Amino acid sequence: LIRKVDQSYYDGFLSTEYNPDEIFVRSTDVDRTLMSAEAVLAGLYPPHGENIWADGLAWQPVPVHAVPEEYDLLFAEHQPCARIDQLDRQVRESEYMRESVYGSNKDLFHYISQHSGWNITSVEKLAAVYDALAVETIHNKTLPAWTQSI
């Protein structure tokens, strides 16, 4: 994949053959990112010679390392942080959120709650509904009629 796109970018930096002393691949422990790392490695290191182990399969295994999210201090996004928690609480409990966000939009929150089946009481829950509808749109699904008015 990648080597086929622009091999000159990597020439002199990475060998054309996989060498475990030259590269260590680390990913988050999420299927999507693990598969992305594997796809990149398949493009970087197509097998040659004795590394071709199946006719018609231009792929060789290259290890991708991951750490469970709760122990991942390098890549995981959701590590506990007292300061972030404090600031988050401050924003959520602020007058702005109470009045400008929730107060000004209480009819919208109620409408979406009625039609989605979810009790929308926070912007996070509203974002979850939005994400679900966005995915449906991306996949050319017909959205429920109630979404046309919002």
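Keep in mind that the numbers below use all heavy atoms, side chains included, and drop hydrogens, waters and symmetry copies. Predicted model, so just to flag it, every value in this text is computed and none were measured.
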Could you report the tightest heavy-atom contact between [X] and [Y], atom names first, then the distance?
X: Pro144; Y: Leu133; value: CD-CD2, 4.3 Å
X: Ser113; Y: Ile120; value: OG-N, 2.8 Å
X: Phe109; Y: Leu126; value: CE1-CD2, 3.9 Å
X: Ser27; Y: Val64; value: CB-CG1, 3.8 Å
X: Ala58; Y: Pro47; value: C-CD, 3.4 Å
X: Asp29; Y: Val67; value: CB-O, 3.3 Å

Practice prompt. Might you work through the side chain to side chain contact (heavy atoms under 4.5 Å, CB included) test for Ile112 and Lys125, ending with a clear yes or no?
Written response: CA-CA 10 Å; Ile112 295 173; Lys125 288 183 180 180; over 6 Å; no

Fill in: Heavy-atom side-chain proximity of Asp72 to Arg26 below 4.5 angstrom
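Yes; the side chains approach each other to less than 4.5 Å.
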
Discussion item. Counting C-beta onward and ignoring hydrogens, is there a side-chain heavy-atom pair between Ser122 and Tyr102 closer than 4.5 Å?
Written reply: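 Yes, their side chains come closer than 4.5 Å.
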
Worksheet item: To the nearest 0.5 Å, what is the distance between OG1 (Thr33) and CD (Glu38)?
Response: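 Rounded to the nearest 0.5 Å, the OG1-CD separation comes to 9.5 Å.
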
Discussion item. Can you tell me how far apart OG1 (Thr16) and CG (Leu14) are? Round to the nearest 0.5 Å.
Written reply: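 Spacing of OG1 (Thr16) from CG (Leu14) equals 10.0 Å.
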
Item to complete: Tell me, yes or no, whether the heavy-atom count around Leu57 atom CG, taken from other residues, nucleotides or ligands under 6.0 Å, exceeds 12.
Response: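 Yes - once you tally the heavy atoms of other residues, nucleotides and ligands closer than 6.0 Å, there are more than 12.
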
Discussion item. With a 6.0 Å cut-off (strictly less than), is the heavy-atom count around OH of Tyr71, excluding the residue itself, greater than 12?
Written reply: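 Counting neighbours around OH of Tyr71, 12 or fewer heavy atoms of other residues, nucleotides or ligands fall under 6.0 Å, so no.
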
Fill in: Stepwise side chain to side chain contact (heavy atoms under 4.5 Å, CB included) test for Ile23 and Tyr45
CA-CA 11 Å; Ile23 188 168; Tyr45 299 112; 3.8 Å; yes

Worksheet item: For residues Gln86 and Arg89, is any side-chain donor paired with an opposing acceptor at under 3.5 Å?
Response: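 Not at all, the side chains of Gln86 and Arg89 share no donor-acceptor pair under 3.5 Å.
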
Worksheet item: Taking it one step at a time, do Gln60 and Tyr18 satisfy side chain to side chain contact (heavy atoms under 4.5 Å, CB included)?
Response: CA-CA 9 Å; Gln60 65 177 324; Tyr18 169 67; 4.1 Å; yes

Item to complete: Could you tell me whether the side chain of Tyr111 and the main chain of Trp146 form a donor-acceptor pair under 3.5 Å?
Response: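 Checking the backbone N and O of Trp146 against the side chain of Tyr111, a donor-acceptor pair under 3.5 Å is found.
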
Practice prompt. Using modelled atom types only, decide if a donor and an acceptor are shared between the side chain of Arg98 and the backbone of Gly103 within a distance under 3.5 Å.
Written response: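 Not at all, since once roles are kept as given, no pair shorter than 3.5 Å links the two residues.
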
Practice prompt. Assess whether side chain to side chain contact (heavy atoms under 4.5 Å, CB included) is satisfied between Thr28 and Glu69, documenting all intermediate values.
Written response: CA-CA 7 Å; Thr28 57; Glu69 184 176 17; over 6 Å; no

